[in-house]
A.B. asks: 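After the structure tokens below, expect a handful of questions from me.
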Amino acid sequence: MLKRNAEIDPLSLIRKLGCFSPELQGNPIKLAARLGQTCSKSHPTVTLNRSEIAIIPDKITGEGERKYCFTDGIGLISVKLAMRVYASLMEEELTEEDMPKTAEEEAQKMTEIPSAFQIRIAGVKGMVTVWPEKVITSRLQERGIFEKDKQILIRPSMIKFRSNSAILEVLKFSKPSRAYLNRQFIQNLEAAGISQESFIKIVKAEVSKYKSLAADPVKFFQYTDLVYNSLFKDALLVLSLEEMKKEGTIQNTICEELKKHFTSMRDKCRIPIQNGRIAFGVVDETDSLREGQVFLQYSVGSEKVVARGKVWILRSPTYMAQDILLAEAVDIPHLHHLADVLVFPRRGSRPHPDEISGGDLDGDTYTIVWDHELRPADHVLAEIGKY
């Protein structure tokens, strides 16, 4: 901590933030990026004991220009620690009785918490995915670690600089998220052979859908995810739905939401895709997925649906049609505890995230689409596959 009115200089302040390697000291751009990491907007949750942290190796293949990291920026977190973190975020109290005692209880608890968290632990940054105890134990034993108290497993690709802080901070966590087109996506999908008529058809369907839902407030709020709007939730604390109807609050809110949505579609080309989702990218720690396969289980209300069949995956920014990845969405029972995240394989000739505009797994989000209106022609997909 810095004392009030204490005289400080830039170098002493940097030393308090962490231990930066000589390489960083000689690279002002990278040093600025690492210093900026300490200023990320995050939520402090739990303070970890050193005994709870383990470092495991990255999955790296090849060498030189063909050297690839399949686990770039991603680690593992136990169900118990994930429960503690999520409870802190939700400002809830947890007791020892709440913790799972059996594999069945653990499986149930995993359905009640997010599947992945984007974290910071001082100089450590990236994603951690929730995995059952048997997977955590397997990864530790591969490293020759047999201690039972390890709760979070980080990889060297996540460590950007050294620091004494052990506070686990959360930037974001996985949750249901609708997919949207934008100008870049539209340009590249057009380059991949999608006609303008297909985009116009999607826009007309969306406008028609919104107009039909406007008369039913409950369905409208569910469809637009307005229930997550903090202002709307605050209003519900003060007024009942019936009172809001009398006051005209609901209709005014619907009108404002419609205006905002249609303006966004017109000015930014932000067009919702019904058969698509946005999700954090994570890695398959069970090695169940083969090259060319992905796993996606997404939420529809309180239900979970596993995507199957051909999907095409994009990431912003997308520079050209070749940045679109065609993959096969498959159902893997070992991965059913993961929801609203996109699971990539841990093997292959090249990491799939890297094929999508040079992405990685330290918090990048991916747009997954299976809408037949937006499916590129077969000959175009074949050319993209060769690239």
Side-chain angles (χ1 to χ4, degrees), residues 172 175-214 220 223-226 256-281 292 294 296 298-300 305 307-329 340-342 344 352-360 363-387:
K172 298 177 183 178
K175 58 184 178 181
S177 184
R178 299 173 67 190
Y180 291 86
L181 292 173
N182 57 37
R183 293 187 189 279
Q184 275 192 330
F185 286 176
I186 291 172
Q187 288 173 350
N188 285 290
L189 286 170
E190 274 194 304
I194 306 300
S195 66
Q196 291 186 0
E197 288 72 19
S198 295
F199 298 111
I200 293 172
K201 185 176 180 180
I202 290 172
V203 171
K204 286 182 176 179
E206 185 67 13
V207 171
S208 177
K209 181 80 172 177
Y210 265 80
K211 286 182 176 179
S212 65
L213 288 172
F220 184 85
Y223 184 71
T224 59
D225 297 331
L226 201 59
E256 284 300 313
E257 184 68 13
L258 281 172
K259 180 180 177 182
K260 182 179 71 174
H261 184 68
F262 291 151
T263 300
S264 179
M265 289 175 65
R266 182 194 66 194
D267 297 344
K268 300 180 181 179
C269 292
R270 192 170 186 265
I271 305 168
I273 309 170
Q274 297 310 311
N275 295 319
R277 289 292 185 275
I278 296 176
F280 282 116
V294 295
L296 173 67
Y298 58 94
S299 301
V300 180
V305 180
R308 295 178 177 85
K310 297 293 183 184
V311 297
W312 32 110
I313 306 168
L314 310 92
R315 172 181 164 270
S316 188
T318 298
Y319 300 106
M320 51 186 174
Q322 286 78 5
D323 287 328
I324 302 171
L325 176 70
L326 174 68
E328 183 78 20
D340 301 308
V341 292
L342 178 62
F344 289 104
H352 287 325
D354 188 54
E355 296 176 323
I356 310 168
S357 307
D360 53 34
D364 287 2
T365 56
Y366 298 85
T367 299
I368 311 101
V369 182
W370 57 92
D371 192 317
H372 70 276
E373 290 288 344
L374 299 177
R375 177 181 169 83
D378 290 339
H379 71 278
V380 176
L381 291 174
E383 288 300 316
I384 292 174
K386 290 178 184 177
Y387 181 84

A.B. asks: Testing the basics here: between Tyr180 and Ile273, what is the closest heavy-atom pair and its distance to 0.1 Å?
C.D. replies: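 In this case the closest contact between Tyr180 and Ile273 is C-CD1, 4.0 Å.
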A.B. asks: Are Tyr366 and Phe344 an aromatic pair, judged by ring center distance below 6.0 Å?
C.D. replies: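 Centroid distance Phe344-Tyr366: below 6.0 Å, so yes.
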A.B. asks: Side-chain contact test, heavy atoms from C-beta onward, threshold under 4.5 Å: evaluate it for Ile202 versus Glu373 and give yes or no.
C.D. replies: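 Counting from C-beta outward, Ile202 and Glu373 do come under 4.5 Å.
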A.B. asks: I need the Ile368 CD1 to Asn275 CG distance, nearest 0.5 Å.
C.D. replies: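 Separation between the atoms: 12.5 Å.
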A.B. asks: Does a side-chain heavy-atom distance below 4.5 Å link Glu328 with Lys310?
C.D. replies: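 Answer yes - side chains close enough.
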A.B. asks: Evaluate the side-chain proximity of Arg308 to Trp370: yes if any heavy-atom separation is below 4.5 Å, no if none is.
C.D. replies: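 No, their side chains stay 4.5 Å or more apart.
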A.B. asks: Check whether any side-chain heavy atom of Leu374 lies under 4.5 Å from a side-chain heavy atom of Trp312, and answer yes or no.
C.D. replies: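 Yes, close enough: below the 4.5 Å cut-off.
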A.B. asks: Set out, in order, the CA-CA distance, both residues' side-chain angles and the distance that settles side chain to side chain contact (heavy atoms under 4.5 Å, CB included) for Ile271 and Phe199, then state yes or no.
C.D. replies: CA-CA 9 Å; Ile271 305 168; Phe199 298 111; 5.5 Å; no
A.B. asks: Does the Asp340 side chain pair with the main chain of Ser299, one donor and one acceptor, at a distance under 3.5 Å?
C.D. replies: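 Yes, Asp340 side chain to Ser299 backbone: donor-acceptor pair under 3.5 Å.
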A.B. asks: Compare all side-chain heavy atoms of His261 with those of Pro272 and state whether any distance is below 4.5 angstrom.
C.D. replies: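 They are in side-chain contact.
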A.B. asks: Looking at side-chain heavy atoms only, is the closest gap between Asn182 and Cys269 below 4.5 Å?
C.D. replies: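 Answer no - side chains too far apart.
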A.B. asks: Nearest 0.5 Å please: distance from the CD atom of Glu197 over to the CD1 atom of Ile200.
C.D. replies: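 These two atoms lie 6.0 Å from each other.
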A.B. asks: I'd like to know if Arg266 and Glu206 make a salt bridge, using a cut-off of under 4.0 Å between side-chain N and carboxylate O.
C.D. replies: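 No salt bridge links Arg266 with Glu206.
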A.B. asks: Within the 4.5 Å heavy-atom criterion, are Ser316 and Gln184 side-chain neighbours or not?
C.D. replies: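 Result yes, sub-4.5 Å side-chain heavy-atom pair found.
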A.B. asks: Can you measure from CD1 (Ile324) to OG (Ser357) and round to the nearest 0.5 angstrom?
C.D. replies: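 Answer rounded to 0.5 Å: 9.0 Å.
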A.B. asks: In terms of side-chain geometry, is the basic nitrogen of Arg315 or Asp364 positioned less than 4.0 Å from the acidic oxygen of its partner?
C.D. replies: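 Salt bridge: yes.
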A.B. asks: Name the residue from Val369, Thr367, Leu296, Leu342 that meets the side-chain contact (heavy atoms from CB on, under 4.5 Å) definition with Ile313.
C.D. replies: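 Filter result, single survivor: Leu342.
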A.B. asks: Determine whether Met265 and Val203 satisfy the following criterion, side chain to side chain contact (heavy atoms under 4.5 Å, CB included), listing intermediate values before the conclusion.
C.D. replies: CA-CA 8 Å; Met265 289 175 65; Val203 171; 3.7 Å; yes
A.B. asks: Taking His352 for the side chain and Leu325 for the main chain, is one N or O donor matched with an acceptor at less than 3.5 Å?
C.D. replies: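 Checked: no pair found.
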A.B. asks: CD/Glu190 to OG/Ser198 distance, rounded to the nearest 0.5 angstrom?
C.D. replies: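 Between atom CD of Glu190 and atom OG of Ser198 there are 10.0 Å.
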A.B. asks: Keeping Ser212 on the side-chain end and Lys209 on the backbone end, is there a donor-acceptor pair under 3.5 Å?
C.D. replies: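 At least one qualifying donor-acceptor pair exists.
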A.B. asks: I'd like to know if the side chain of Ser208 reaches the main chain of Lys204, judged simply by a donor and an acceptor atom lying under 3.5 Å from each other, with no hydrogens or angles considered.
C.D. replies: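 Not at all, since once roles are kept as given, no pair shorter than 3.5 Å links the two residues.
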